[in-house]
Trainee: 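My questions all concern the structure below.
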Amino acid sequence: NKDAAKVIWKGNWRMPTAKEAEELESNCTWQYKTQNGIKGYLVTSKINGASIFLPAVGTYIGGSLYGYNEDADYLTTSLEDGNPVRISFSPTYVGIWKTDHGYMGSSIRPVCP
């Protein structure tokens, strides 16, 4: 099973798909802010006003953590050309793209329908 959320959290928890990440990107407002001392994005739905906070937890590259409290990469369960699709952000950028670097360690943000 390639869905870490299903394996670790069990039940109905799962990792989001690329389509769901794209919906977050296009149907939400993204506000970079500090919440409880941690930087990240408050992502608020333009449709129903619901929100989630995605902390800037950084990314592991070659065994070292980079960008903590500044940026982050969150994996989806979707693949493009055999590579995982992720949502990536920094203080000035939010985007969806494929991870073509096997040495990168990205975070997950489980969802429960």
Side-chain angles (χ1 to χ4, degrees):
N1 188 340
K2 295 185 182 199
D3 188 324
K6 280 185 181 180
V7 172
I8 296 168
W9 288 38
K10 305 201 183 331
N12 291 330
W13 289 98
R14 63 176 177 77
M15 291 169 50
T17 64
K19 181 179 179 184
E20 290 168 326
E22 289 166 2
E23 289 173 0
L24 276 182
E25 183 183 33
S26 61
N27 295 330
C28 296
T29 59
W30 289 69
Q31 178 187 9
Y32 196 79
K33 63 182 292 180
T34 301
Q35 191 167 300
N36 298 323
I38 302 294
K39 294 177 184 175
Y41 273 96
L42 180 63
V43 184
T44 305
S45 170
K46 295 175 186 175
I47 298 167
N48 64 15
S51 64
I52 61 169
F53 182 73
L54 295 176
V57 293
T59 303
Y60 276 94
I61 302 173
S64 297
L65 179 61
Y66 292 91
Y68 177 77
N69 213 25
E70 184 177 326
D71 55 46
D73 296 295
Y74 287 90
L75 288 175
T76 71
T77 55
S78 302
L79 298 176
E80 183 178 311
D81 299 326
N83 296 304
V85 176
R86 62 189 169 119
I87 188 163
S88 179
F89 67 75
S90 72
T92 60
Y93 170 82
V94 174
I96 308 288
W97 52 309
K98 66 180 179 179
T99 302
D100 54 0
H101 304 292
Y103 59 85
M104 291 183 70
S106 299
S107 298
I108 63 168
R109 178 66 182 228
V111 297
C112 189

Trainee: Mind jotting down which residue pairs meet the salt bridge (charged side-chain N to carboxylate O under 4.0 Å, His left out) criterion with at least one end in residues 14-27? Sequence neighbours excluded, please.
Mentor: R14-E20
Trainee: I'd like to check the salt bridge (Lys or Arg N to Asp or Glu O under 4.0 Å) partners of R109; sequence neighbours left out, ordered by chain and number.
Mentor: none
Trainee: What's the shortest heavy-atom distance between P113 and N12, and which atoms?
Mentor: CD-O, 3.5 Å
Trainee: Of all residues at least two apart in sequence or in a different chain, which pass the side-chain contact (heavy atoms from CB on, under 4.5 Å) check with L65?
Mentor: Y60, Y68
Trainee: Any salt bridge (charged side-chain N to carboxylate O under 4.0 Å, His left out) involving residues 30-56? Give me the pairs, sequence neighbours left out, ordered by first then second residue.
Mentor: none
Trainee: Apply side-chain contact (heavy atoms from CB on, under 4.5 Å) to W30 and list each qualifying residue two or more places apart in sequence or on a separate chain.
Mentor: L24, C28, Y41, V43, L54, I87, F89, V94
Trainee: What is the minimum heavy-atom distance between P84 and L75, and which atoms define it?
Mentor: CB-CD2, 3.9 Å
Trainee: What residues, two or more places apart in sequence or in another chain, satisfy side-chain hydrogen bond (donor to acceptor under 3.5 Å, both in side chains) together with D81?
Mentor: K98
Trainee: Run the side-chain contact (heavy atoms from CB on, under 4.5 Å) test on Y74 and S106 for me, step by step, so that the C-alpha distance in whole Å, both residues' side-chain angles and the decisive distance to 0.1 Å come before the verdict.
Mentor: CA-CA 6 Å; Y74 287 90; S106 299; over 6 Å; no
Trainee: By side-chain contact (heavy atoms from CB on, under 4.5 Å), which residues pair with N48, not counting sequence neighbours?
Mentor: S45, A50
Trainee: Quick one, W13 and K6 - any side-chain contact, counting heavy atoms below 4.5 Å?
Mentor: no
Trainee: Considering residues at least two apart in sequence or located in another chain, which fulfil the salt bridge (Lys or Arg N to Asp or Glu O under 4.0 Å) criterion with E70?
Mentor: none
Trainee: Taking all non-hydrogen atoms of both residues, which atom of A72 and which atom of T59 are closest, and how far apart?
Mentor: C-OG1, 4.1 Å
Trainee: Could you state whether Y32 and I52 fall into the same hydrophobic cluster, counting links through intermediate Ile, Leu, Val, Met, Phe, Trp or Tyr residues with side-chain heavy atoms under 4.5 angstrom apart?
Mentor: yes
Trainee: For D71, enumerate each residue passing the salt bridge (Lys or Arg N to Asp or Glu O under 4.0 Å) test, keeping only those at least two apart in sequence or located in another chain.
Mentor: none
Trainee: Does the side chain of D3 come under 3.5 Å of the side chain of T77 through a donor N or O and an acceptor N or O?
Mentor: no
Trainee: Checking T34 side chain against G37 main chain: does a donor-acceptor pair fall under 3.5 Å?
Mentor: no
Trainee: Output all residues satisfying side-chain contact (heavy atoms from CB on, under 4.5 Å) with S78, sequence neighbours left out; order by chain, then residue number.
Mentor: T17, A18, T76, V85
Trainee: For a quick test of reading the model, state the closest non-hydrogen atom pair linking T44 to G49 and the distance between them.
Mentor: CG2-O, 3.6 Å
